[in-house]
There are 2 protein chains.
Amino acid sequence: MKEITIQQNKVLDCIQEYINKTGFPPTRANICKELGFKSPNSAETHLRALEKKGFINIESGTSRGISLVNPVEIEENGFPIIGLVAAGSPTLASENIEKTVNCPPTFFGSGFDYFLRVKGLSMKDAGIMEDDLIAVKKTQDIRNGDIVVARIEDEVTVKYFERKSPSIIHLQPANNDFSDIEINLEETELYIEGKSIGLIREN
Amino acid sequence: MKEITIQQNKVLDCIQEYINKTGFPPTRANICKELGFKSPNSAETHLRALEKKGFINIESGTSRGISLVNPVEIEENGFPIIGLVAAGSPTLASENIEKTVNCPPTFFGSGFDYFLRVKGLSMKDAGIMEDDLIAVKKTQDIRNGDIVVARIEDEVTVKYFERKSPSIIHLQPANNDFSDIEINLEETELYIEGKSIGLIREN
DNA sequence: TAATATACTGTATATACATTCAGTATAATT
DNA sequence: AATTATACTGAATGTATATACAGTATATTA
């Protein structure tokens, strides 16, 4: 965005205030009245300058055809999106972070830690589709039926959690094309990264 | 807020969409073009009715002097959640708003207008489950395969959109337990409230 | 039965508005 | 020294726009 002069900034502010106050943009005459100009051409030339510099759009031949070009919102501390790779643990290392999503920490009721981008359709019948973002809360407080992010040896997967016995865990997909994974904790290492407490889909 | 007729609701939606699209309110002629009216007075009378019922303000003698009384979505990045009721149009009237969700307007790429809480499982195979919140963008720019919020006569539903011929539209569920809805536009009134551009699930 | 609200078409018109042209003047570039 | 951007006044003009008026028609309310 190019430089802006003091007068042009006044005009830009004037437009913003006018829209906030009335709900629609000002005419040239409105701007003149607000800023004390005596000729509509004073507003006109400032508007042309603002358009040229990319701060506003002007719809030609249209009354009040001014629209603000909103600058990109400031990216505050958002939540990271982590890609779910077939092998490897989803770490918060920066190289694994696709981008960050700006939303309140309490977006899904209780707090969560990161978003995980889902690959595959193994949880299709639970309404979790390819490329969905599941909100993951890092916790070991897992109950039967929870959707968990589990790491078996080096492979990360999203499944329903079902404890059959103290040492036998079933990880169940929500898709008939996939089979249950039975894990004997005495033979195989299982680590629960966390559980899904919400979902976002960007179409 | 008083009752609103279907036609008046169309005009209200039209105004909102126009502002979203252009940044400034429509003229009478703009509304006529969008909704297929042939006389500017058609828009005029609807506007007067909407003003009388308190949905809009009209600044007399002013071009494009229409302002929305209830621009809920502008309030601090809060987007309203509207319940999907079997009968009736999802309006932004305050009594229909469950609560508001705080998230950036560009959360799903392009802008959207409100969240609709989904009832039933007719879009189950598209990963849309009961009580999910779909992000609805009010628009008439619909393409085959889009997930739309449609109103057939007085019933609101979420389905895939498929235009079979200029006057035949299929609304397809994503669930084998449900059947396609075939609509002949010459016999049945169909109004597209908007399309789904994203989804949020709160577990 | 009369009155009112809804839902339109169609014509007409005063004016609100965008936009161009003609100037004046100052400061910053090239 | 010439050009360009900024910062205005003032007048003129075509048209974009609001809005009234005249109809037609149906449904609802008092």
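Side chains are part of it too, since the values below use all heavy atoms of this structure and drop only hydrogens, waters and symmetry mates.
A search for side-chain hydrogen bond (donor to acceptor under 3.5 Å, both in side chains) contacts involving Thr27(B) returns Asn30(B), not counting sequence neighbours. For the side-chain hydrogen bond (donor to acceptor under 3.5 Å, both in side chains) test, no residue two or more places apart in sequence or in another chain qualifies with Glu130(B).
At whole-Å resolution of the value, CD in Glu59(B) and P in dA18(D) are 12 Å apart.
Thr139(A) places no side-chain N or O within donor-acceptor distance of the main-chain N or O of Lys137(A), the cut-off being under 3.5 Å. Arg163(B) contributes a side-chain N or O that, together with a main-chain N or O of Pro166(B), makes up a donor-acceptor pair within less than 3.5 Å. Remark: the backbone N or O of Lys138(A) is paired with a side-chain donor or acceptor of Asp113(A) at under 3.5 angstrom. Judged by distance alone, the side chain of Thr188(B) and the main-chain N or O of Leu185(B) form no donor-acceptor pair under 3.5 Å. Put simply, the side chain of Lys195(B) never gets that close to the backbone of Arg143(B): no donor and acceptor are under 3.5 Å apart.
Note on Arg28(B): every side-chain N or O is 4.0 Å or more away from OP1 and OP2 of dA16(D). One finds a side-chain N or O of Ser63(A) lying less than 4.0 angstrom from the OP1 or OP2 phosphate oxygen of dT17(D). An OP1 or OP2 oxygen of dT19(C) is reached within less than 4.0 angstrom by a side-chain nitrogen or oxygen of Arg48(A). Residue Lys10(B) has no polar side-chain atom (N or O) positioned under 4.0 Å from OP1 or OP2 of dC8(C).
Aromatic ring pairs are classed by plane angle as parallel below 30°, tilted from 30° to 60° and perpendicular above 60°; the pair Phe108(A) and Phe115(A) is perpendicular.
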Side chains of residues 120-128 of chain A: which donor-acceptor partners sit under 3.5 Å, not counting sequence neighbours?
unit_1: Ser122(A); atom_1: OG; unit_2: Lys159(A); atom_2: NZ; d: 3.2

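Remark: DNA chain C forms stems of 3 or more consecutive Watson-Crick or G-U wobble pairs, all pair distances under 3.5 Å, at C:2-29 with D:2-29.
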Legend entry - Residue pair His170(A), Glu182(A): steps toward the side chain to side chain donor-acceptor pair (under 3.5 Å) verdict: CA-CA 5 Å; His170(A) 277 206; Glu182(A) 183 177 288; 2.9 Å; yes
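Checking Gln140(B), Lys10(B), Arg151(B) one by one against Glu193(B), the side-chain hydrogen bond (donor to acceptor under 3.5 Å, both in side chains) holds for a single residue, Arg151(B).
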Anything under 3.5 Å between a protein N or O and an N or O of nucleotides 25-29 of chain C, put it in a table, one pair a line.
none

Inset, instruction - Heavy atoms under 4.0 Å is the rule here; annotate nucleotides 7-12 of chain D 5' to 3' with B where the base is hit, S where only the sugar-phosphate is, and - elsewhere. - result: SBBB--
